[in-house]
Asks: 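Structure below; questions to follow.
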Amino acid sequence: MYGVFIMGTYGRKIIKDLDINELIKLLNKALADEWLAYYQYWIGAQVIEGPMSSAVIVELMEHAGDEFRHAGMLVNRIVKLGGTPLLKPEDWYKETNCGYEAPEDFLVMKILEQNIKGEQCAITTYQKLVDLTSGKDIITYNMVLEILEDEIEHEDDLEVLLENIKML
Ligand code: FE
Ligand code: FE
Ligand code: MG
């Protein structure tokens, strides 16, 4: 890192009572989660079978796109904070909070349940980041709050789909 993308001196000064290295570490762990979530959604959408699977595929692909976008937001902030984003896919497994559940059972209900579990873990992760940055780093706070809102919507969307399928 040559530092040209790091925010200005004063921008850094307004971050108070926060260990920036610890924050960078937690943002990198969230980055690992986002890549694994992206792939879990994306590969799930390719193999899924069963009732309403075409509607579910649309939702899974939309969520995959959101997780990919979240990964980009996290990397941008990590770099601005002067950190180095995870550079190797092998680090995703080492740093993840939420892990990865391979969609080995292709049935739509099973895939939905796995992804709901992932979203619940993501909500916990971002809730903690919101609490950590609140009143201390407003830029990171706004970003993790925005991501938290998306994860809450993701969980809700998947739960509604699962309920609809169960009513068939
Ligand atoms: Fe996400
Ligand atoms: Fe999500
Ligand atoms: Mg959705």
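Remember, it's 1-based here, ligands and their atoms both numbered in the order they're listed.
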Asks: Closer than 2.8 Å to the Fe ion (ligand 1), do we get an N, O or S atom from Asp150, backbone or side chain?
Replies: no
Asks: Just checking: Glu59, one of its N/O/S atoms, less than 2.8 Å away from the Mg ion (ligand 3), yes or no?
Replies: yes
Asks: Please find the N/O/S atom of Asp157 nearest to the Mg ion (ligand 3) and write down its name.
Replies: OD2
Asks: Would you say His63 reaches the Mg ion (ligand 3) with an N/O/S atom under 2.8 Å?
Replies: yes
Asks: Might you work through the side chain to side chain donor-acceptor pair (under 3.5 Å) test for Asn115 and Glu119, ending with a clear yes or no?
Replies: CA-CA 6 Å; Asn115 286 318; Glu119 291 299 342; over 6 Å; no
Asks: Angle class for the Trp42/Tyr38 ring planes (parallel below 30°, perpendicular above 60°, tilted otherwise)?
Replies: parallel
Asks: What residue among Leu81, Val75, Leu86 forms side chain to side chain contact (heavy atoms under 4.5 Å, CB included) with Leu27?
Replies: Leu81
Asks: What is the name of the N/O/S atom of Glu67 that is nearest to the Fe ion (ligand 2)?
Replies: OE2
Asks: Counting backbone and side-chain atoms alike, is an N, O or S atom of Glu119 positioned under 2.8 Å from the Fe ion (ligand 2)?
Replies: yes
Asks: Do any of the N/O/S atoms of Glu155, backbone or side chain, fall under 2.8 Å from the Fe ion (ligand 2)?
Replies: no
Asks: Restricting to N/O/S atoms, is Glu151 within less than 2.8 Å of the Fe ion (ligand 1) or not?
Replies: yes
Asks: Have Glu101 and Gln40 got a donor and an acceptor in their side chains that come within less than 3.5 Å?
Replies: no
Asks: Is the His154 ring parallel, tilted or perpendicular to the Tyr41 ring (thresholds 30°, 60°)?
Replies: perpendicular
Asks: Do Thr133 side-chain atoms and Leu129 backbone N/O form a donor-acceptor pair below 3.5 Å?
Replies: yes
Asks: Got a donor-acceptor contact below 3.5 angstrom from the Gln114 side chain to the Ala102 backbone?
Replies: yes
Asks: N/O/S of His154 less than 2.8 Å from the Fe ion (ligand 2)?
Replies: yes
Asks: What's the atom name of the N, O or S in His70 nearest to the Fe ion (ligand 1)?
Replies: ND1
Asks: How many angstroms lie between NZ in Lys29 and CG in Asp91, if you round to the nearest 0.5 Å?
Replies: 10.5 Å
Asks: Taking both backbone and side chain into account, is any N, O or S atom of Glu34 nearer than 2.8 Å to the Fe ion (ligand 1)?
Replies: yes
